[in-house]
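The structure's right below; bear with me while I get my questions together.
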Amino acid sequence: MIQDKDRKREIIVKRVAQELKDGDLVNLGIGMPTLVANYIPQDIDIMLQSENGFVGLGPAPDECDIDCDIVNAGSQPASIVPGAAFFDSATSFGIIRGGHLDVTVLGALQVDQEGNLANWMIPGKMVPGMGGAMDLVVGAKRVIIAMEHTAKGAPKILKKCTLPLTAAGQVDLIVTEMGVIEKTAKGLVLTEIAPETTVEEVLSATEADLIIADNLKVMDV
Amino acid sequence: MNKIKTIEEALEHIKDGMTISVGGFLACGTPERLIDAIIEKGVKDITLICNDTGFPERGVGKWVVKGMVKKVIASHVGTNPETGRLMNTGEMEVLLVPQGTLAEQVRAGGSGLGGILTPTGIGTVIEEGKQKINVNGKDFLLELPLRADVALVKGSIVDKKGNVYYKKATKNFNPLIATAADLVIVEAEELVEVGEIDPSDVMTPSIFVNMIVEGRK
């Protein structure tokens, strides 16, 4: 089992990047999902969306190149790539809900075996608001959850989410430092396992019922 | 008709208890000069429609910190701890709305629609108390139009007739709120003569704009 925090993140974001295909329009959530951009294969062309109003999000700019009129959805200074385009918030969410966004990558507080996701509030504690998350999860063609497998040792992949949902039944894939879990009609299937990790370790860190794929592979990370 | 006003002239129209929509996304594309002037005037009991509540020292977040806001309608308040505090003590009402829904509610409010149907929020707390409508086998929530008494818009380049061009990511909610208020005030980062903005580049046509004030660069 991998313990190092940085290595866990590296495994997660590297593996998520392998899911992206040439020509995809992708929205990367705030925090760890943003790091996926660093591992997009050189030979494919990906367009990143920033839901505050553009496609063609580039890397964080150098201090001297900061343009106050370009920020990402987390309010950080951002850059654009050639071919980028700006639009208003209605168009931005039209893109998201209208079937134009191929992949959204988000973190999660909880995910369950029905594909439900909770990532926007903890009643009485943390109520930041859903921002664009509810639209992204409902609208994107493919919803990928990038998160650590447990929170302080407690499973985050549950039989049923206990926190208020962001969306019902929309999650397609969960990528953690322990493995890759696919949501199928039969339930959650562990299709890949991380290096130095055993199936028993994954099972004991997961509350949800987990089907182990017959051809379980080792994550290429 | 001269739409160019001093900040004092524009502020005569801002009263306690009004519903005010403000452009900007986490204070990018926010009319800061108008926001500060409304603080100086001491306007109270504002119902605020904005994507978010900015930061304690930037954007509409300053109104929240000063206790000027009675109710917030926004998609995200996490960057302003004061919003969370006032929400928890019950001093300020906060209605959280998915961002795409908020954008469409404002758009509907400005374009004469009776509401919009969205799949966002189905199966979550957002659907509570709302009408669910099934169209061709799929459930949608009916979300009602949203309008304001006053919209405060930030334009990057504004001509003296009120045509507006927004630079880059400052566009966000600005062109939407400009369509959905009884009084639309644009803060111009740069004010130019009529004709200097190519008509093909106009993003908010002047017909939506009632007043123009000069802003800060």
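Quick note on labels: first sequence line is chain A, next is B, and so on, each numbered from 1. Keep in mind the model is a prediction, meaning the values are calculated, not measured.
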Exceeds 12 heavy-atom contacts within 6.0 angstrom, atom NZ of B:Lys3: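 Buried by this count: over 12 neighbours within 6.0 Å.
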Excluding sequence neighbours, so at least two apart, what forms side chain to side chain donor-acceptor pair (under 3.5 Å) with A:Asp102?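 Applying side chain to side chain donor-acceptor pair (under 3.5 Å) to A:Asp102 gives A:Lys141.
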Heavy-atom pairs under 4.5 Å with chain A - which of B:Gly123, B:Gly78, B:Pro98 has more of them than the others?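 Top count of heavy-atom pairs under 4.5 Å with chain A: B:Pro98.
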Which atoms of A:Ile70 approach chain B - backbone, side chain, both or neither, heavy atom under 4.5 Å: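 For A:Ile70, backbone and side chain are both near chain B.
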Most heavy-atom pairs under 4.5 angstrom with chain A, which of B:Thr53, B:Thr83, B:Ile126, B:Val94?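 Option with the top pair count is B:Ile126.
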N/O donor-acceptor pairs under 3.5 Å from side chains in residues 56-63 of chain B, not counting sequence neighbours:
from, atom 1, to, atom 2, distance (Å)
B:Lys62, NZ, B:Glu32, OE1, 2.8
B:Lys62, NZ, B:Asp36, OD1, 2.7
B:Trp63, NE1, B:Ile35, O, 3.1

Side chain from CB out, backbone as N, CA, C, O: work out which of these in B:Thr118 comes under 4.5 Å of a heavy atom of chain A, or both, or neither.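 The side chain, not the backbone.
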Top contributor to chain B interface from A:Phe54, A:Phe93, A:Phe87 [non-hydrogen pairs under 4.5 Å]: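 Top option by heavy-atom pairs under 4.5 Å: A:Phe93.
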Can you tell me how far the CD atom of A:Gln76 sits from the CG atom of B:Leu26, to the nearest 0.5 Å?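 Result: 9.5 Å between the selected atoms.
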Specify which of A:Cys68, A:Ala90, A:Pro128 makes the most heavy-atom pairs with chain B at under 4.5 Å.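 Greatest number of close heavy-atom pairs with chain B: A:Pro128.
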I need the A:Ser92 OG to B:Phe25 CZ distance, nearest 0.5 Å.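 Atom-to-atom, A:Ser92:OG and B:Phe25:CZ are 8.5 Å apart.
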Could you please state which residues from residues 169-188 of chain B sit under 4.5 angstrom from chain A, measuring non-hydrogen atom to non-hydrogen atom, sorted by number, or 'none'?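 The stretch touches chain A at B:Ala169, B:Thr170, B:Lys171, B:Asn172, B:Phe173, B:Pro175, B:Leu176.
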Measure the NZ-CG distance between B:Lys168 and A:Asn52 for me, rounded to the nearest 0.5 Å.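 Rounded to the nearest 0.5 Å, the NZ-CG separation comes out at 14.0 Å.
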What is the distance from atom CE of B:Met203 to atom CZ of A:Phe86, rounded to the nearest 0.5 Å?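 So the CE of B:Met203 and the CZ of A:Phe86 are separated by 10.0 Å.
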Where on A:Glu51 is there a heavy atom nearer than 4.5 Å to chain B: the side chain, the backbone, both, or neither?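 For A:Glu51, backbone and side chain are both near chain B.
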Please classify the contact between A:Thr166 and chain B as side chain, backbone, both or neither, with a heavy-atom cut-off of under 4.5 Å.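 Just the backbone, heavy atoms under 4.5 Å.
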Counting only pairs under 3.5 Å, give me each side-chain donor-acceptor contact of residues 64-75 of chain B, with atom names and distances, residues two or more places apart or in other chains.
from, atom 1, to, atom 2, distance (Å)
B:Ser75, OG, B:Asn51, O, 3.1
B:Ser75, OG, B:Asn51, OD1, 3.0
B:Ser75, OG, B:Gln99, NE2, 3.2

Quick check on the interface: out of A:Asn116, A:Asp69, A:Ile80, who has the most heavy-atom pairs with chain B under 4.5 Å?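 Of the candidates given, the most pairs with chain B belong to A:Asp69.
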NZ-CG distance between B:Lys167 and A:Asp67, expressed to the nearest 0.5 angstrom: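 It comes to 8.5 Å.
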Report which part of B:Phe55 has an atom under 4.5 Å of a heavy atom belonging to chain A: side chain, backbone, both, or neither.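 Side chain only.
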Closest heavy-atom pair and its distance - A:Met134, B:Thr124: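 Taking A:Met134 first and B:Thr124 second, the nearest heavy atoms are CE-OG1, 3.9 Å.
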If you count heavy-atom pairs within less than 4.5 Å of chain B, which of A:Gly139, A:Ser75, A:Gly74 leads?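 Most heavy-atom pairs within the cutoff with chain B belong to A:Ser75.
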Gap separating the CD atom of B:Glu104 from the CG atom of A:Asp135, nearest 0.5 angstrom: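 Reported to 0.5 Å precision, the distance equals 9.5 Å.
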A quick test of your reading: do over 12 heavy atoms of other residues, nucleotides or ligands sit less than 6.0 Å from CD of B:Glu196?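 Buried by this count: over 12 neighbours within 6.0 Å.
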Examine whether an atom of A:Ala85 lies under 4.5 Å from a heavy atom of chain B, and if so say whether it belongs to the side chain, the backbone or both; otherwise answer neither.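 No part of A:Ala85 comes within 4.5 Å of chain B.
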Flag the pair B:Leu96 / A:Trp120 as yes when at least one side-chain heavy-atom distance between them is below 4.5 Å, and no otherwise.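 They are in contact (side-chain heavy atoms under 4.5 Å apart), so the answer is yes.
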If you compare all heavy atoms of A:Arg97 against all heavy atoms of B:Pro119, which two are closest, and at what distance to 0.1 Å?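 Of all heavy-atom pairs spanning A:Arg97 and B:Pro119, the closest is CD-CD, 4.3 Å.
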